[in-house]
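Each remark here refers to the structure printed beneath this line.
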Amino acid sequence: AQKVTQAQTEISVVEKEDVTLDCVYETRDTTYYLFWYKQPPSGELVFLIRRNSFDEQNEISGRYSWNFQKSTSSFNFTITASQVVDSAVYFCALHGGATNKLIFGTGTLLAVQP
Amino acid sequence: GAGVSQTPSNKVTEKGKYVELRCDPISGHTALYWYRQSLGQGPEFLIYFQGTGAADDSGLPNDRFFAVRPEGSVSTLKIQRTERGDSAVYLCASRPGEGGGYTFGSGTRLTVV
């Protein structure tokens with residue numbers, strides 16, 4: 001079975017703080033993809049990143065960075081110097097190569113206070 | 001179109017009524033997915049189509065839910081005898097095929113009163 005766990009339900013930080021959102025996944029597939037999505041109050045799911053299971057290189061995009069650790073089945077997301085506009089619910093998701101569907105975690109609500 | 005279009009954006013219906021939710025995927029995308037997102041939860045998989053056929057409908061909660069994609073493009077999610085527990089945002093996503101990323105629509109907010 002596939003499963004994505006986001007243990008942090010809510011996180012509150014003050015602007016300019018760094019924050020890390022945790023994601024742990026379970027899958028029996030040898031080929032899979034991991035995703036992060038942002039869902040602001042408007043409700044749309046905004047794609048942030050997709051990483052395949054064979055690429056464990058960390059990635060940085062502006063203030064965002066992702067740490068993929070296959071050994072611990074984790075795909076954590078760090079926002080550096082957080083801003084109020086980062087306030088949203090963030091979802092980690094897993095697409096299994098065999099099951100061919102996207103399974104979401106329960107999300108982490110990030111509140112960035114000015 | 002440029003993105004995945006879902007109509008209506010909001011739907012209020014009475015308990016026991018039948019509703020249809022429409023999804024218009026990105027042109028050329030062969031895979032189409034339906035998800036349901038209840039308040040405070042992550043999107044939950046319902047069904048996915050590859051072309052015209054339902055490749056996996058394991059997420060449909062019961063036989064009141066049904067979806068079709070007769071021409072391999074537009075899809076309709078149909079809910080019979082709606083219940084208050086069906087209230088949620090219904091999201092549609094499409095993919096170009098193997099290895100392609102998901103593009104989500106804005107969703108239909110269904111409220112059953």
Side-chain angles (χ1 to χ4, degrees), chain A residues 1-10 21-27 29 31-55 59 75 77 88-111, chain B residues 2-6 8-11 23 25-26 29-51 53-60 67 75 87-111:
Chain A
Q2 296 191 130
K3 187 177 177 183
V4 176
T5 302
Q6 294 181 257
Q8 303 151 309
T9 307
E10 291 186 37
L21 310 181
D22 297 333
C23 173
V24 174
Y25 63 92
E26 295 175 32
T27 181
D29 290 339
T31 302
Y32 53 89
Y33 294 88
L34 295 163
F35 295 75
W36 275 95
Y37 286 88
K38 175 181 180 180
Q39 190 173 47
S42 61
E44 285 198 30
L45 278 170
V46 178
F47 167 80
L48 296 178
I49 189 170
R50 178 179 71 163
R51 174 53 51 86
N52 79 51
S53 52
F54 297 109
D55 182 2
E59 182 156 339
F75 187 46
F77 172 32
V89 179
Y90 290 85
F91 291 101
C92 180
L94 167 69
H95 170 104
T99 57
N100 212 24
K101 61 191 179 191
L102 198 59
I103 302 299
F104 286 83
T106 50
T108 297
L109 172 62
L110 174 64
Chain B
V4 177
S5 175
Q6 291 188 248
S9 54
N10 278 285
K11 176 73 176 177
C23 173
I26 291 175
H29 279 197
T30 56
L32 185 148
Y33 296 75
W34 283 99
Y35 286 81
R36 177 170 71 174
Q37 187 175 19
S38 301
L39 195 62
Q41 301 295 317
E44 174 191 22
F45 170 79
L46 296 177
I47 184 171
Y48 112 80
F49 290 88
Q50 186 61 46
D56 183 344
D57 64 357
S58 61
L60 294 177
S75 176
S87 298
V89 175
Y90 290 81
L91 294 164
C92 176
S94 69
R95 296 175 68 214
E98 289 299 319
Y102 291 76
T103 302
F104 281 85
S106 302
T108 293
R109 181 175 298 278
L110 175 66
T111 304

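Chain naming here is simple, since letters A, B, ... match the order of the sequence lines and numbering starts at 1 in each. Values below: every heavy atom of this structure, side chains too, minus hydrogens, waters and symmetry copies.
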Highest number of heavy-atom pairs under 4.5 Å with chain B: which of I103(A), N52(A), L102(A), L109(A)?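 Option with the greatest count: L102(A).
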To the nearest 0.5 Å, how far apart are OH in Y48(B) and OG1 in T99(A)?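 OG1 of T99(A) is found 8.5 Å from OH of Y48(B).
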With only heavy atoms counted, which part of S58(B) is less than 4.5 Å from chain A, the side chain, the backbone, both or neither?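 Side chain only.
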Heavy-atom contact with chain A under 4.5 Å, split by part of E44(B):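 No part of E44(B) comes within 4.5 Å of chain A.
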Looking only at non-hydrogen atoms, find the nearest pair between Q37(B) and F91(A) and report the distance.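 Taking Q37(B) first and F91(A) second, the nearest heavy atoms are NE2-CZ, 3.4 Å.
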Residue pair E44(A) / S106(B): nearest heavy atoms and the distance that separates them: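 Closest approach of E44(A) to S106(B): OE2-OG, 3.3 Å.
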Among Y33(B), Y102(B), Y35(B), F45(B), which residue has the highest count of heavy-atom pairs closer than 4.5 Å to chain A?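 Greatest number of close heavy-atom pairs with chain A: Y102(B).
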Taking the side chain as C-beta and beyond, is there a heavy-atom pair between N100(A) and D56(B) under 4.5 Å?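 No. Closest side-chain heavy atoms not under 4.5 Å.
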Can you name the residues that form a side-chain hydrogen bond (donor to acceptor under 3.5 Å, both in side chains) with S53(A), not counting sequence neighbours?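 None.
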So for atom CZ, which belongs to R109(B), do other residues, nucleotides or ligands contribute more than 12 heavy atoms lying within a distance under 6.0 Å?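 Check fails, neighbour count at 12 or below.
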When the aromatic ring centroids of F104(B) and Y37(A) are compared, is their separation below 6.0 Å?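 Between Y37(A) and F104(B), which both carry aromatic rings, the centre distance is below 6.0 Å.
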Which bit of Q6(A) comes within less than 4.5 Å of chain B, counting heavy atoms only: side chain, backbone, both or neither?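 Neither part, no heavy atoms under 4.5 Å.
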